[in-house]
Amino acid sequence: MNEIVTPKSLGLSREDLPNSYIGRSVPRPNVRKLVEGRATYTDDVTLPRLVHAAFLRSPHAHARIVSIDTAAALAVPGVVRVFTGADLAKVCDPWVAVLAHLKGMKSAPQYPLPLERATWQGEAVAAVVADTRAAAEDGVAALAVAFEPLPAQVDMETALAPGAVVIHPELGDNLVFTRTAETGDVAGAFAAAHRVVEATFHTGRHTGVTLEPRSIIADYNRADGTLTVHHSTQAPHMMQNVFATQLRMAEGDVRVICKDVGGSYGIKVHVYPDEMAVACMSKIMGRPVKFIADRFEAFGSDIHARDHRIKGRLAVDAEGRFLAFDIDDLTGIGPYSVYPRTSAVEGNQVVNLCGGPYAFANYRCTTTVVLQNKSPTCQYRAVGHPIATTVTEGLVDLAAEALGMDKVALRRKNLIRDDAYPCTSPAGMRFEGLSHHASLDKLLEMVPVEKIRADQAEQRKRGVYRGLGFASFIELTNPSPFMYGIGGAKISAQDGCTVRMDPDGSLVALSGVTEQGQGTEAILAQIVAHGVGVPVSKVKVVTGDTQTTPYGGGTWACRGAGIGGEAALQSAIALKEQILEVAGAMLQAQAASLDIVMGEVVDKATGQVRMPLAELGRIVYYRGDTLPKDLARELVQTRHFITKEYPFAFTNGIQASWLEVDVETGMVKLLEHWCVEDCGRVINPMLVDEQVRGGIVQGIGGALYEHCIYNEDGQLLTTTLADYLVPMAAEMPDMHVGHVETPTKESLLGAKGAGEAGTAGAPAAIMNAINDALSPLGARVLAQPFTPDRILRALGTIA
Amino acid sequence: MKWPAMGYARVESLDELWRVLDAAGPEAQILAGGQSLLATLSFRLSEPSGLIDITRIPALHGVSVTGGTLRLGALTRHADLGRDPLVAAHAPILAKAAPLIAHPAIRNRGTIGGSLALADPAAELPACVVALDATIVVASRGGERRVPAADFFQGLFTTDLQPGEIITAVEVPVATPASHQTIVEVTRRSGDYAMAGLAAVLAMTADGRVDTARLVFFGVGSGAEIATGASAALTGASLTPATIAAAQGALADDLDPPGDLHGGPELKRHLARVLIARALNPFLASAEQAA
C-alpha cells in the first residue's frame, strides 16, 4: 500500500486517528443543499437584461434549408431577435472533430446553426431570442422555414455501400474512421483451435437523460470585452478554450462558471451547436442569453451513444484456454463527429477493451465508424466498456457451452493471474496491477451459487426459468494525455488544487475537477481534511469556475478522485508542512516534531496540544509583525498532478446477475445483482458503493429498457419519458457491492476511478443470465435492449 | 416547452360551468385532474383558448350506493378508487385497476371522468367500465343523459361526448356473489401504459358455469376492445382449461392490434392470449388450477 497513514494501514481504530477521513463514509457536505432545493443550477441564475433562446429544430433527418422567413416571428410580442446559421457564422468559426492520433479520421465542419442543410431530425436550424422562453417558443412557432427533404442515410450497415447517401459530399463517403490491428497469428490460432465460437451482438443506441437538462447562460459584456458563461458542464476549462477559440476571443477574456450540475454521465462534456449558438447570440447582442433544453428537445439533441454492431469470434483449445479473439465493430455516429473528443473514441475503445480481462496471445480487431442521419453520438458513461464486455463475456459463455465447461471455471482458467502484473494486453493496453482472481473469489463469497443452481433446477420443473450470468470487466480510468491531448485536443489530463488556510483555521480547497452530483466535493473535502489534519467540517470546496480554480480537465472518464484527489492530497500535505514551519517558529520547536490533529497543532510524540490553528491564523494574518522577518508564512499551496507511467490506470471487477424470464410474456424480472470491483484506494466507501449501484442501474437501462428508436425515415420515435424507458426503482434488484483494493502506485492516494464499473459490466451479466435462463429452451438473445419482443422471437413464440 | 398563454377560470357549480363555457367559446378546455391535458399543453399539441377548472364542483364528487348502483362522481381520483370501501365491495375491478394506473402522484390527481373523456386506448379505466357494463352520465346545459359505456367509446381518443357536455358520474351495477372481476396487464415497467391489458367481468354460478362474460382489452387497439368471440366462447360453459383455451383461440377474430414501439401486432395478439389465461386461471376450481 502507498504510504498514507490511515487507521487501516496502522491497524488502528478511527478513534485513534480522529481526522483520518480517507476510507470513511463521511456524509456529503453538499447533500443537504441539494435535497432542500437550495442548489444553484444554471436555470436558477438570473441576470439583468436576460433574454431567452428557443430553437426551431429540423423535422427532417436530412433536408435543404430553402428559406427562413422571420417576419412573422419578429412580430410576436416579446420576440427580440431571430438568428440563422449565416448570422452566427459571422462571429463564430466552425469546428472539425478529429484527433490526429486516430489516423485518417475525417469529419465535416460544423457551425452553431447549419448554413445549408439540416442533417438530423432535431438539429437546431434557427433561433429566436425573446423576453421569456414562452415568447421565444411563440416566435419559433411563427418562423416559416421552407425545407426541401433529401434522402436520408439512416442505416449504418449501408452507410458505406454503393448508393448510400453521402452526407457530406466534400468528404467523398460516409467513412469517419477505420482501424484494423492484429497481434500474433490470429489465422493460425483459429485454424488450430479446438473450438471456435462466434456471434453478432448489437447494443442499442441510448442516451444519458440527465435530471437537469443541458443549460447555459452566455453573457457577453461589450464594456470590457469579456464573455461569462454559466454552464452545466463537466469541463469548464475545456469549454473556456472552445468559446474563446471559436468566437475569436482571448482565452483570458472568457470565464466559465459551473455551479451545481444535476447529473452529466458524459452528456455534458461535449460542444453542442445550440449552446455555441447561445454564446454567439450573446456576443452579437451584448446581453445575457439563456437556453435550457427541455426534455423533448434533449432526446433529439443530447448526444446518443452505443449504436454498435459487433461480430466476435473466440478460439479456444481443448483445455479451454483462450487462443484468439477476432472482433469487428461497426458504429453509426450521426452526421458529425462531436467536438472535441470526437465520435471515433467509443468504437476505438470497444476494440481496445475486448478480451481485456483475459490472458491470450492473438488478437485482431477492426473498428469502423460511419456517418448517418441520426443524432450525433459521443462519449457517454463507461464509453465502449459495456459493449466490449458484452462481446467478450457473451463469447466466453458460448465457449463454455461449446466446451461443456463450467462458466466460472472457464473464466478462472483464463483471467489474467493476479501476480502477472505489470503486463500488456494483445490490444496494447498496459496494466499496472489488477485483481481478477481476488475479485472472482470475493464475488463467489457473496453469490450463493450452489443455492441458486438448486433453486434454478427446482423452478425449471415448475416452468419458471431463472438464470445466473457473470461478467468480468476492466475499466479505463485516470486518463493521461494519451487519450485526447496527443490527438491535438485541448483537453487537460492534468489537474490542480489550491488549498489555503484562513485566519480562523478553516480551509478552502479550489479544484479543477467538478461536481455533478456524484460527490466529488465530498471526497475532496475528506482528502484535504485528512492531508492537513482538520475536521472535515472545516473544509470548504470550490469547483467550477475557470477564473478561480487551478487549470484542469474537469470530471470525466473517471478522473475526479484519481487525478483531482491526488492534486488535493499533495496540496494539503504541502500546506500542512507550511503550517508546521510557521508553528515551529512560533513554538520554538522543530517542525518535524509537530503534527496537526483535528485542527490543532500538537506535539507529535506526546499528542499534547500546542496551539489551535485559529491562533496560528490570528498571528499570521493580524500580527505578522511578531514572526521572524524571513519566515515564509503563505498559508496557501497549489499542486498539480498528472499520471506519467501509464496511459491509463485500469481497474477491474466482476458482476453477477440473477433473474427470471417470464417465457410467456418475454419480461425479465431482476432478482439480485452483485458487483465486486477494484478501484484502488476507496476514499468514501458509501459514495463508491452508490456510484457502483447507480452505474449498474444505468447498465440495466441499456440492457433492458433504454433505446433511441428511429423509423426508416430517420425520425426519432422515443422523445418522451413515456417512450424512452429509463430504469425505475420498482424494477431494480437488490445490489450487493464488494471491493478489492489494489491502489495505483502512480499516486500517493492510490485511487483509480469508480464511476463506470457498474455500467461496464451490468449489461453483459444480464445478457448471460437471460441466456442461462433460456438455455433449456434453446433460445439466445444478443441484441440489446432485451425486450419482450426480442425474447419472444428468440423463443419462437412469435415470428 | 412552455405552455402558450391562455385563460383560466375556476367554477364552483354546474350552472356556473355552463355560463363560463358559453362565454369562453368552443376553444376552451375542461380541466379536471389534468394528468393528460397538461402534458399536451407542455408539448403545445393543443392550444386551448382557456382552461375551465371543474375540480371544485361539489356535484361531481363522491362515491355512493343507491339500490343496485354504485355511483362514482366524475372527479373521483384514481387513488380514491384504490382505497374506497364502497368501490372495493361493489366494483372490485376498479380497486384492482387503481394501482396499475401510472404512479402515485398521477393517481392523486387524475380522475375517472378525465380518463374516460380522454379515451386513451391504453388506459385501464375505459376497459373496466365497459367490462362492468357501466353507464356514463353526461350533462350539458340542456340536461342529463345516460350512455352505456360500450357506446360511449367510439375509437381512438373519441367518445360520444358532444360539445358543451361533460361527464358527471359513472354508474356501475353492484357486484353480486356471482361476480368475478379482475384486471391484468403487461407493462415494461410498473406504472407504464400497458403493452396489453385485459379487464374481465364474469358472472359465474357456484358450480363454475359462466352465465355472462365480458372480456375487454386495452392497449391492443383503438380503445377499449370487447373480445366478443372470446367472451362468447366462455358464456354458458363451465370454466375449465379447455374453455379458457377456446376463448384464447377465439381471440384471433376479436382483435386487430396495431404495432407500437414495443413490437408488432403479433406480439400484442400473443400477449392478449396469455392475459386471458392469467385473468381466468384464478377463477378455475382449485383442483383444476393445481392441474
Side-chain angles (χ1 to χ4, degrees), chain A residues 52 54-55 76-78 130 132-138 140-141 292-297 662-669 700-701 704-711 716-732 785-793 795 797-799, chain B residues 1-6 35-36 39-47 99-106 120 122-123 184-198 219 248 257 259-279 281 290-291:
Chain A
H52 300 261
F55 293 93
V76 169
T132 64
R133 169 75 185 227
E137 289 179 12
D138 290 343
V140 167
I292 311 294
D294 69 26
R295 188 64 63 192
F296 185 57
E297 63 189 340
D662 181 334
V663 297
E664 286 189 327
T665 63
M667 296 290 296
V668 174
K669 182 182 181 189
I700 289 169
L704 296 180
Y705 302 110
E706 298 183 55
H707 200 187
C708 298
I709 301 172
Y710 282 83
N711 72 7
L716 181 61
L717 305 178
T718 48
T719 55
T720 73
L721 287 167
D723 299 316
Y724 183 91
L725 309 179
V726 294
M728 305 280 274
E731 280 68 48
M732 293 303 104
F786 305 112
T787 61
D789 184 64
R790 284 172 166 164
I791 288 172
L792 291 173
R793 284 173 192 283
L795 286 164
T797 306
I798 59 175
Chain B
M1 289 164 108
K2 307 294 180 194
W3 294 4
M6 68 185 75
Q35 295 306 290
S36 298
T40 68
L41 297 178
S42 294
F43 280 110
R44 294 201 172 193
L45 289 173
S46 63
E47 298 205 13
L100 302 181
I101 302 169
H103 305 281
I106 291 173
D120 189 306
V184 289
E185 62 181 32
V186 181
T187 60
R188 294 283 293 278
R189 304 171 304 176
S190 64
D192 279 350
Y193 281 113
M195 297 166 69
L198 168 60
Q248 288 175 311
D260 62 16
L261 289 175
H262 300 296
E266 202 191 347
L267 173 68
K268 300 230 176 212
R269 288 181 185 279
H270 166 75
L271 293 176
R273 286 191 294 270
V274 170
L275 287 175
I276 286 191
R278 292 195 173 180
N281 279 343

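Each chain gets a letter, A, B and so on, in the order the sequences are listed, and its residues count up from 1. This structure is a prediction, so every number in the text was calculated from the model and none was measured.
Atom CE of residue B:Met195 and atom CE of residue A:Met667 lie 7.0 Å apart, to the nearest 0.5 angstrom. To the nearest 0.5 angstrom, B:Leu261 atom CG is 4.5 Å from A:Ile709 atom CD1.
At a 4.5 Å heavy-atom cutoff, the contact between A:Ala799 and chain B is made by backbone and side-chain atoms alike. Only the backbone of A:Leu704 comes within less than 4.5 Å of a heavy atom in chain B; its side chain stays farther off. Interface residue A:Asp662: only side-chain heavy atoms are found under 4.5 Å from chain B. In this structure, chain B has heavy atoms under 4.5 Å from both the backbone and the side chain of A:Ile798. For chain A, the nearby part of B:Phe43 is the side chain; its heavy atoms alone come within less than 4.5 Å. Residue B:Ser42: no heavy atom, backbone or side chain, is found under 4.5 Å from chain A. At a 4.5 Å heavy-atom cutoff, the contact between B:Leu267 and chain A is made by backbone and side-chain atoms alike. The part of B:Arg278 that comes within reach of chain A is its side chain, from C-beta onward, which places non-hydrogen atoms under 4.5 angstrom from that chain.
Ranked by heavy-atom pairs shorter than 4.5 Å toward chain A, the options B:Ser190, B:Gly263, B:Ala277, B:Ala39 are led by B:Ser190. Chain B forms the most heavy-atom pairs under 4.5 Å with one residue out of A:Ala135, A:Ala54, A:Pro788, and that residue is A:Pro788. Your options are B:Lys2, B:His270, B:Arg189, and the one with the most heavy-atom pairs under 4.5 Å with chain A is B:Arg189.
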Can you list the steps and then say if B:His262 with A:Leu725 is a side-chain contact (heavy atoms from CB on, under 4.5 Å)? CA-CA 11 Å; B:His262 300 296; A:Leu725 309 179; 4.3 Å; yes
Given A:Asp138 and B:Arg44, is the side-chain contact (heavy atoms from CB on, under 4.5 Å) satisfied, shown in steps? CA-CA 10 Å; A:Asp138 290 343; B:Arg44 294 201 172 193; 2.8 Å; yes
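Remark: the backbone N or O of B:Pro4 is not paired with any side-chain donor or acceptor of A:Glu137 at under 3.5 angstrom.
Ion pairing of B:Arg188 with A:Asp789 is absent here, as no side-chain N (NZ or NE/NH1/NH2) approaches a carboxylate O to less than 4.0 Å.
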